[in-house]
Amino acid sequence: MIELGHKIIGTGKKHILFLHELMGNYKNYEAIFPYLDKENFTYIFIDLRGYGLSKHIEGEYSCDEASSDVLNLIKILNLKEVYLVAHSMSTMIAQNIALVDKEDKLIKSLILVTPIPASGIKMSEKSKETLLNDMKDNKGNLEEIVYSASKRH
């Protein structure tokens, strides 16, 4: 069982897990760190496989794998109840985690920011190929990719 890279802030009894968006990592949340209630809450900022503190962890990078990885981390950290915050593409992962977690009921609630439907986004093969190539080549147009994926709001 792998352990995803993560950053823990606070020592409170309520645990809030954060998942980053596509092409991000825990550092995307650094601006809020000074404002967190560190006495009542413990915040766990998770980097998914291939990102940030988990960049070295290889895999198939699927929604099911990411969901399993997050649930494994919850178990490794021996957490009994968590609030799960996810942004953009990782909202699909969060929704999948909630579905998989029906029996254990570790997930107390989901907070989804600019959510993607659990079914994913439908796109043509050409658009998918272009997106993957742009991400691989990192041509500096990532903001445009994120904007075009979220302009439906």
Of the non-hydrogen atoms in H6 and I46, which two are nearest, and what is the gap between them? CB-CA, 4.2 Å
So, does T11 use its side chain to make a donor-acceptor pair with the main chain of E39 at under 3.5 Å? no
For the atom pair CG (N25) and NZ (K7), what is the distance rounded to the nearest 0.5 Å? 11.5 Å
S67 side, atom OG; I97 side, atom CD1 - distance, nearest 0.5 Å: 4.5 Å
L112, L22: one ILVMFWY side-chain cluster at the under-4.5 Å cut-off? yes
V70 with I16, same ILVMFWY side-chain cluster at under 4.5 Å: no
Compute the ring centroids of F33 and Y43, then answer whether they are less than 6.0 Å apart. no
Could you grab the distance from atom CD1 of I111 to atom OG1 of T91, nearest 0.5 Å is fine? 13.0 Å
Residue pair G5 / S54: nearest heavy atoms and the distance that separates them: N-OG, 2.6 Å
Parallel, tilted or perpendicular: rings of Y29 and F45 (30°, 60°): tilted
Among residues at least two apart in sequence or on other chains, which ones pass salt bridge (Lys or Arg N to Asp or Glu O under 4.0 Å) with D37? none
Look only at the side chain of N78 and the backbone of K75, and say whether a donor-acceptor pair between them is shorter than 3.5 Å. no
Applying ring pair (Phe, Tyr, Trp, His ring centres under 6.0 Å), can you list everything that pairs with H20, at least two apart in sequence or on another chain? Y51
Please check if atom NZ in K38 has more than 12 non-hydrogen atoms from other residues, nucleotides or ligands closer than 6.0 Å. yes
Mind checking the NE2-CG spacing from H15 to L79? Nearest 0.5 Å is all I need. 5.0 Å
Is there a side chain to side chain contact (heavy atoms under 4.5 Å, CB included) between I2 and D69 once you walk through the steps? CA-CA 7 Å; I2 65 106; D69 287 347; 3.7 Å; yes
Is there a donor-acceptor pair closer than 3.5 Å between any side-chain N or O of N40 and the backbone N or O of G12? no
Ion pair present between E65 and R49, side-chain N to carboxylate O less than 4.0 angstrom? yes
Identify, with sequence neighbours excluded, every residue that meets salt bridge (Lys or Arg N to Asp or Glu O under 4.0 Å) alongside E3. none
So how far is it from L19 CG to L110 CG, rounded to the nearest 0.5 Å? 9.5 Å
Is there a side-chain contact between E21 and M89 (heavy atoms, below 4.5 Å)? no
In terms of heavy-atom contacts, L53 and D47 come closest through N-OD2, 2.6 Å
Taking the side chain as everything from C-beta on, heavy atoms only, tell me whether T114 gets closer than 4.5 Å to H87. yes
CD1 on I93 to SG on C63, rounded to 0.5 Å: 5.5 Å
I57 and L48: CA distance, side-chain angles, deciding distance, side chain to side chain contact (heavy atoms under 4.5 Å, CB included) verdict: CA-CA 9 Å; I57 303 172; L48 300 169; over 6 Å; no
Side-chain donor/acceptor of D104 to backbone N/O of L106, under 3.5 Å: no
Polar side-chain atom of Q95 near backbone of I116 as donor-acceptor pair, under 3.5 Å: yes
Please report the shortest heavy-atom distance between Y83 and S109, naming the atom on each side. CD2-OG, 3.1 Å
Would L17 end up clustered with V85 when hydrophobic side chains under 4.5 Å apart are linked, directly or stepwise? no
Taking side-chain contact (heavy atoms from CB on, under 4.5 Å) as the criterion, tell me which of I74, I8, L4, I9 meets it with I44. I8
